[in-house]
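Single-structure report; data block below.
Reminder, nothing fancy here: chain letters follow the sequence lines and each chain counts from 1.
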Protein chains: 2
Amino acid sequence: MQFEQLPSRLLENAVSELAKLPGVGRKTALRLALHLLRQDRSLSMALGESIIKMREEITYCKVCNNISDTEVCSICANPSRRHNTICVVEDIRDLLAIERTGQYHGVYHILNGLISPLDGIGIEDIHIAGLVERIENQEIKEIILALAATVEGDTTAFYIYRNLGKEHIEFSTISRGISIGDDLEYIDEITLGRSISDRIPYHEQVKAH
Amino acid sequence: MQFEQLPSRLLENAVSELAKLPGVGRKTALRLALHLLRQDRSLSMALGESIIKMREEITYCKVCNNISDTEVCSICANPSRRHNTICVVEDIRDLLAIERTGQYHGVYHILNGLISPLDGIGIEDIHIAGLVERIENQEIKEIILALAATVEGDTTAFYIYRNLGKEHIEFSTISRGISIGDDLEYIDEITLGRSISDRIPYHEQVKAH
């Protein structure tokens, strides 16, 4: 699809940069750019500046790679968390989702991506080296691989298990199954198939609740 | 709904600024911010800088208020357009949509907004003064009010007709082949083109209601 030329190079620049954002097409980008031109100048400047400042100055926890304003993030610095259990997640959104459950009391490791040969994302592009270091230098008992149920998530989980596995470390993945409230007939075959092969003895489940 | 605190003030700033964009919620804003952190640094800097540069340096055509890098935009500077016919539109997206039909050969006037008492947008907030000046100083034969078929569009059209109307100027609106509540830019070319060629004298429409 061809696009007409916008009557201003400055507008064209902003629109084409906005259109590079995930889920933003050129039409939406133009709508956003006009909004930025119409609203208070200070608001638009604050947006531009917050993006630049974040990209320039953001720092990561030196232990788990979480985004953090301090050298060690608040989770890694918390003595009441179980530091021998590491939950491996793709990014901070997954960490926030797990924290919201209130069910997890260990620490995290943020990969900041998943292995994806199709997108040219290899082992060296994600934060695996830091995990290797933790396994070698700390006393780790369990590693929970809480990655997406996609080809990329499975590939990354398998890579970590194969290459980082040690006898004394227990590896697990979060269970795949049917979400609470879901109807069986709307579940995809793979999930449903896996939830059958991973079935839980009923007495264990009854005991747990 | 309450939101958890993000572990970094820099990230929090960028997310809350992104979440002010129309159609962007806090969840999407976090996804965009993490994308900006993960992609090439140069791309994120280019986005931030293009927004700031656009807001700082953009200029408008001194005749029609179109966004333009030159003092007078290419449409106003084109001698083969009919300069005694002005099509009044809300913003540049509507101008682009009408240009795409190839049915219109006059010039434009961009209001850069619509009167909307509910949003606190009054006459002085949109570019009506420039239109008054053109009507007084140029020989205008016809004014086409090509505004959205919404309360704000109708209010603005009526205000212009009532206050700027002169005996020798013919007022028309594009025909309401356009469904109520629709935005001009999403209309297909044929409907929009026909609604321009079938335009209705404004006094006839006022009479009809």
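Taking both residues in full, the closest heavy atoms of Ala33(B) and Met54(A) are given as O-CE, 3.7 Å, listed atom of the first, atom of the second, then distance. Across all non-hydrogen atoms, the minimal contact from Ser8(A) to Ile58(B) is OG-CD1, 3.7 Å. Closest non-hydrogen pair, Arg55(A) versus Asp40(B), comes out as NH2-C, 3.4 Å. The two residues Asn66(A) and Pro7(B) come nearest to each other via the heavy atoms OD1-CG, 4.0 Å.
Within 6.0 Å of the CD atom in Gln138(A), the count of heavy atoms belonging to other residues, nucleotides or ligands exceeds 12. Crowding of Tyr186(B) atom OH: a count of heavy atoms from other residues, nucleotides or ligands under 6.0 Å exceeding 12. Annotation for Arg82(A): atom CZ does not count as buried by contact number, only 12 or fewer foreign heavy atoms lying within 6.0 Å.
For chain B, the nearby parts of Leu43(A) are the backbone and the side chain; heavy atoms of each come within less than 4.5 Å. Contact of Leu11(A) with chain B is made through backbone and side chain together, with heavy-atom distances under 4.5 Å. Residue contact with chain B, scored on non-hydrogen atoms closer than 4.5 Å, is absent for Glu99(A). Looking at Ser44(A), both its backbone and its side chain come within 4.5 Å of chain B, counting heavy atoms on both sides.
When each of Asp125(A), Asp69(A), Leu21(A) is checked for heavy-atom pairs under 4.5 Å with chain B, Asp69(A) comes out on top. Interface check for chain B: of the options Ile52(A), Leu37(A), Ile51(A), the most heavy-atom pairs under 4.5 Å are formed by Leu37(A). Contact count versus chain B (heavy atoms, under 4.5 Å) is highest, among Thr59(A), Leu18(A), Leu36(A), for Leu36(A). Heavy-atom pairs under 4.5 Å with chain A peak, among Cys61(B), Ser68(B), Ala46(B), Pro22(B), at Pro22(B).
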Let's go through Ser50(B) and Asn13(A) carefully: what are the C-alpha distance in whole Å and the side-chain angles of both, what is the deciding distance for side-chain hydrogen bond (donor to acceptor under 3.5 Å, both in side chains) to 0.1 Å, and is it a yes or a no? CA-CA 6 Å; Ser50(B) 72; Asn13(A) 277 355; over 6 Å; no

Check step by step if side chain to side chain contact (heavy atoms under 4.5 Å, CB included) holds for Ile67(A) and Leu6(B). CA-CA 9 Å; Ile67(A) 293 165; Leu6(B) 294 174; over 6 Å; no

With side chain to side chain contact (heavy atoms under 4.5 Å, CB included) as the test, would you mind laying out the steps for Glu56(A) and Met45(B) before giving the verdict? CA-CA 9 Å; Glu56(A) 292 266 74; Met45(B) 300 304 276; 3.5 Å; yes

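A salt bridge is defined here as a Lys NZ or Arg NE, NH1 or NH2 lying under 4.0 Å from an Asp or Glu carboxylate O, and Glu185(B) with Arg31(A) fails to meet this definition. Between Lys53(B) and Glu17(A), none of the side-chain N atoms (NZ, or NE/NH1/NH2) sits under 4.0 Å from a carboxylate O, so this pair counts as no salt bridge.
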